[in-house]
Amino acid sequence: MPALNVEFSEEELDELRELAREQGVTLKALVRASTADQIARHRALKEGAEVFARVFRDQALAEAIAAAGLDDGSAAGAAERAA
């Protein structure tokens, strides 16, 4: 299995060891789980951004919003409401 060597300061390594102890896992398991969590988070954010972009490129949606007379949240409108 491929491996990755990562360097940590002594303080960082001490903190990681303490976290692993608190969670009742090995240091290796903690680092692997943290990495997997970050990968999943990155994928979810990327997917969310793609959905967001797709929705806001949808001309039918823009027309439906305009037809409904919904406020687009422009800065001028927000400033007037705040006053």
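Just the heavy atoms: all of them, side chains too, but no hydrogens, waters or symmetry mates, feed the values below. Everything quoted here is computed from the prediction, not taken from an experiment.
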Distance check, rounded to the nearest 0.5 Å: [X] atom [atom1] versus [Y] atom [atom2]?
X	Y	atom1	atom2	answer
E63	D58	CD	CG	9.0 Å
E12	E7	CD	CD	10.5 Å
R54	L61	CZ	CG	12.5 Å

Tell me whether L13 is reachable from V6 by hopping between hydrophobic residues (I, L, V, M, F, W, Y) whose side-chain heavy atoms are closer than 4.5 Å.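 Yes: a chain of side-chain contacts under 4.5 Å links V6 to L13.
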
Looking at every non-hydrogen atom in both residues, tell me the closest pair between Q23 and L30 and how far apart they are. OE1-CD1, 3.5 Å

Using side chain to side chain contact (heavy atoms under 4.5 Å, CB included) as the criterion, list what pairs up with E18, not counting sequence neighbours. R21, E22

If we only count heavy atoms from C-beta on, is the E50 to K46 side-chain gap below 4.5 Å?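 They are in contact (side-chain heavy atoms under 4.5 Å apart), so the answer is yes.
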
